[in-house]
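Values in this document were obtained by computation on a predicted structure and should not be read as measured data. Order of the sequence lines fixes the chain letters, A, B, ..., with proteins taken first and strands second; residue numbering starts at 1 for each chain.
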Amino acid sequence: MSTHPPDLLDGLNDAQAEAVITTEGPLLIVAGPGSGKTRVVTHRIAYLVRESSVSPYRIAAVTFTNKAAREMRDRIQGLQVPDADSVFAGTFHAFCARLLRRYGEGVGLDSNYTIYDADDQLGLIKQSMQLADVDEKRNPPRAIQGVISRAKSLLMDSVGLAKRAQIEDDFQAEIAARVYHHYEELLGRSNAVDFDDLLMRAVQLLQENLDVREDYHRRYHYLMVDEFQDTNIAQYRLARLLTGPDQNICVVGDPDQSIYSWRNADIRNILSFQQDYPDARTIALEQNYRSSRNILDTASALIANNGMRVEKELVTEKTAGADVVVHEAYSAVEEAEFVVKQIKDLKNREKISLGDCAVMYRINAQSRILERACSDHDLKYRLVGGTQFYRRREVRDVLAFLFVLRNPQDDVNLERAIKTSSRGIGDKTLQGIVRWSLGQHITVLEGIKRISLAKAAGLPCPAPLASRAYTAVSRFGELMIRMEDLRDKLPISRLIKVLVDEAGLEAYIRSVDTNPEERMENLYELIASAEEKETGSPEDDMRDFLEYASLQSDVDTYDDTEDALTLITLHQAKGLEFPVVFIVGLEEGLLPHSRSMDSNEELEEERRLCYVGITRAQERLYLLRAFQRAMYGRSSSTLPSRFLDEIPQKLLTYASAPGARTVQTVSHRTSFDRSLTTWDRGSSVEEPAGPEYVPSVGDQVKHVKFGQGEVVQCERWGSDYEVSVCFDGGELRRLLLSFAGLEKVQG
DNA sequence: CATTGTAAAGTTTTT
DNA sequence: CTTTACAATG
């Protein structure tokens, strides 16, 4: 420990310093991107501990994502806060999970409860729909799931939703309420909660139970909420309930970076805060320390197009910096190639390393092509997110057993465990057991165990089962009995090993799967990540590990030590910064996403998302789009994103792809210019300015670059045509007529 | 019951 | 293109 700790106010401007030292009473910090928001929060925590002698144990900093929480923990530690580990820094969900683990009985939850993820949730909702006699064809389960989730985020139970549906005459909500009712029951029977429940039931508990609430008030004296613009009603209520008599609550947010309304986040919480805490100080941080002026101007110009917005000016003392580069590639593949080439160039010409660069995209599916380009050109990359580790099939299968071992009521995971590998227990047998167990007033697992005990004693099957099923079920029961016996004896990693072995998972994976090596690798990684968290008590370790696996979508194995390019979704990029940022796929339908284009609210959120991406860049920003993009394997032409139009042209430079085929650069240039100036995006009806020449199969055509060839296929594409041409050189190409500049050759 | 095949459907973003 | 759903078969 240093004897000369860094002055915690060093390097802060007046507004930041004020935010740090205003430690008493409610505080609202509205902070633009790059204004040192996290810095303020972490310094504030450090200030509280080091200067105001607040015990770190009394401070809770809640964030929205695990990544933000980890970042916060790391930075507090870096500020030489004594006993920094005692500060709670975690997500709302993690906070609630702990609260319920401890006090859950108050709302009818056994402390071994299971947390169901979105897939489990959907499965239960489908079951509930059957019980409620709701037709899945007419009512998509996902839609019902959405309605229920929204209700929960507004702290409404099924009765509340039913009432509201009636008042508002909302037919869909009425149906959802019926499903919701059964869903609640199924969750309760399984001693399980979903993500929304974590929040809702924690609120319920704190609201109804004064003792618990006061307990928390005694425990936490200072509460900080990061990314406040992304909180939903339940989270906001929770924050209010946790605020003790001193009202030491500090929230930090930026309305322009609100990108989670689809998860029911509600920006209005910022307004509510000012109403609920009339004494709150409000501090605005508008100075940007991150981006060059060109980048900042680009961001400001874009976000200015949002109607629902409190205007805020971003200031910087930085110089204009490099131009923002716009490039239209021909296809997604060439878009990726362009990125890779640029990065290689930057690496050679400037002093920029791979780790300084990030590629951001709207949807995870876009990462594949980028990954491909990276590995083709030997660029090291780090994929953030992607298919989340703890949700991989083989991993979930193993976890299913563990969940059941911990919570014997967890029928969802029990069913999953049974179905992993063929054990001769099908739907019919399972249904028989479930019904019989229900009749006996025992859990399904207990039923299975009794069946296997009966078998071992040579008795006839107590449940109505065929003899083959009897054997199969009892074998599974024996397995579970053996595993239960080991549950508290073996360290969790050993337990998983034994489980993989005894449950025949390896054999199953090797016999069935197309890529068994990768699957097994994942299982080894699971074991390793369990081992990492072992402390000595198998019981506690299991609890912690399962909680971790439920709430953490990915393993924290990215090491920043390795110099690698970051591939990341725009959502996940929030809170990060990079010297060089590429945003790919700036196309209508992708960014903004087609599913967010029918309402203005959603569209503005897309714009904010783009804004978040742009403001991640420190020195260089590249905005890319592909003229042709494949969706579901089918390739089609795209329109440039309206967001590109919204940026003043004087801030942008159009790049031609280094090394790209000339013809494509030329063709994209024309298409781009045209689309920017004359295409009317207000209506989807394209102008009949289509090609004058209507091609047909067998035609001889000529192309500027590829020469002469024969049309072998021709399809209408809106007002355009997609033609496949077999050129005389033997090359087969698919081209869009209006951009390929094909000419018919008489012959 | 499980395996195999074919058909259809679907992909926003995260806890 | 990839994953899931469902039907038919052994």
*Asks:* Which part of the nucleic acid does A:Tyr260 contact within heavy-atom distance under 4.0 Å: base, sugar-phosphate only, or nothing?
*Replies:* sugar-phosphate

*Asks:* With DNA chain B as reference, determine whether A:Gly424 or A:Ser596 sits nearer its 5' end, using the nearest nucleotide of each.
*Replies:* A:Gly424

*Asks:* Apply side chain to side chain donor-acceptor pair (under 3.5 Å) to the pair A:Asp410 and A:Thr114, showing each step before the final yes or no.
*Replies:* CA-CA 7 Å; A:Asp410 182 351; A:Thr114 310; 3.1 Å; yes

*Asks:* Tell me the interatomic distance from A:Leu199, atom CG, to B:dT14, atom P, rounded to whole angstroms.
*Replies:* 17 Å

*Asks:* Nearest whole Å is fine: how far is B:dT13 P from A:Lys574 NZ?
*Replies:* 16 Å

*Asks:* Show the distances under 3.5 angstrom between N or O atoms of the protein and N or O atoms of nucleotides 3-5 of chain B.
*Replies:*
unit_1: B:dT3; atom_1: OP1; unit_2: A:Ser422; atom_2: OG; d: 2.6

*Asks:* Looking only at side-chain N and O atoms, does A:Asn264 come under 4.0 Å of OP1 or OP2 in B:dT15?
*Replies:* no

*Asks:* Between A:Arg263 and A:Tyr260, is NZ or CZ placed under 6.0 angstrom from the six-membered ring centre and within 45° of the ring axis?
*Replies:* yes

*Asks:* Scan A:Leu198 against the nucleic acid and name what it touches under 4.0 Å (heavy atoms): base, sugar-phosphate only, or nothing.
*Replies:* nothing

*Asks:* Between the protein and nucleotides 5-8 of chain C, which nitrogen or oxygen pairs are less than 3.5 angstrom apart?
*Replies:*
none

*Asks:* Provide, to the nearest angstrom, the distance between the CD atom belonging to A:Gln572 and the P atom belonging to B:dT13.
*Replies:* 9 Å

*Asks:* What do the steps show when you test A:Asp194 against A:Gln121 for side chain to side chain donor-acceptor pair (under 3.5 Å), and what is the final call?
*Replies:* CA-CA 7 Å; A:Asp194 60 26; A:Gln121 187 186 23; 3.2 Å; yes

*Asks:* What is the distance, rounded to the nearest whole Å, between atom CZ of A:Arg634 and atom C1' of C:dT2?
*Replies:* 15 Å

*Asks:* Round to a whole Å and report the spacing from CZ of A:Arg70 to P of B:dT15.
*Replies:* 10 Å

*Asks:* Do the two ring centres, one from A:Phe228 and one from A:Phe64, sit under 6.0 Å apart?
*Replies:* no

*Asks:* So which one's nearest nucleotide on DNA chain B is more toward 5', A:Arg595 or A:Arg391?
*Replies:* A:Arg595

*Asks:* Could you work out, with side-chain contact (heavy atoms from CB on, under 4.5 Å) as the rule, every residue matching A:Ser331, not counting sequence neighbours?
*Replies:* A:Val333, A:Glu334

*Asks:* Over how many whole Å does the gap from A:Arg368 atom CZ to C:dT2 atom C1' extend?
*Replies:* 8 Å

*Asks:* Going by the rule side-chain contact (heavy atoms from CB on, under 4.5 Å), which residues pair with A:Ala530 if we only count those two or more places apart in sequence or in a different chain?
*Replies:* A:Ile492, A:Ser493, A:Ile496, A:Phe545

*Asks:* Of the listed nucleotides (B:dT14, B:dT15, B:dT13), which one gets closest to any side-chain atom of A:His93?
*Replies:* B:dT15

*Asks:* Over how many whole Å does the gap from A:Met631 atom CE to C:dT2 atom P extend?
*Replies:* 15 Å

*Asks:* Considering every strand and a 4.0 Å limit on heavy-atom distances, what is the contact class for A:Arg608: base, sugar-phosphate, or nothing?
*Replies:* nothing

*Asks:* Output yes when A:Arg396 and A:Asp120 qualify as a salt bridge under the 4.0 Å nitrogen-oxygen rule, no when they do not.
*Replies:* yes

*Asks:* Look at all strands and tell whether A:Asn66 reaches a base, only sugar-phosphate, or nothing, counting heavy atoms closer than 4.0 Å.
*Replies:* sugar-phosphate

*Asks:* Which part of the nucleic acid, if any, lies within contact of A:Asp196, taking any heavy atom under 4.0 Å across all strands shown: a base, the sugar-phosphate backbone alone, or nothing?
*Replies:* nothing

*Asks:* Checking side-chain contact (heavy atoms from CB on, under 4.5 Å) between A:Arg608 and each of A:Leu302, A:Ile267, A:Leu603, A:Leu570, which is the one that passes?
*Replies:* A:Ile267

*Asks:* Using the six-membered base ring of B:dT13, report whether A:Trp262 stacks on it, requiring centroids under 5.5 Å and planes under 30° apart.
*Replies:* yes

*Asks:* Among all residues two or more places apart in sequence or in another chain, which pass the side-chain contact (heavy atoms from CB on, under 4.5 Å) test with A:Gln130?
*Replies:* none

*Asks:* In whole Å, I'd like the distance from the CG atom of A:Leu609 to the P atom of B:dT14.
*Replies:* 10 Å

*Asks:* Once side-chain contact (heavy atoms from CB on, under 4.5 Å) is applied, do any residues pair with A:Glu606, and if so which ones, sequence neighbours excluded?
*Replies:* A:Arg362, A:Leu591, A:Pro592, A:His593, A:Ser596, A:Phe643

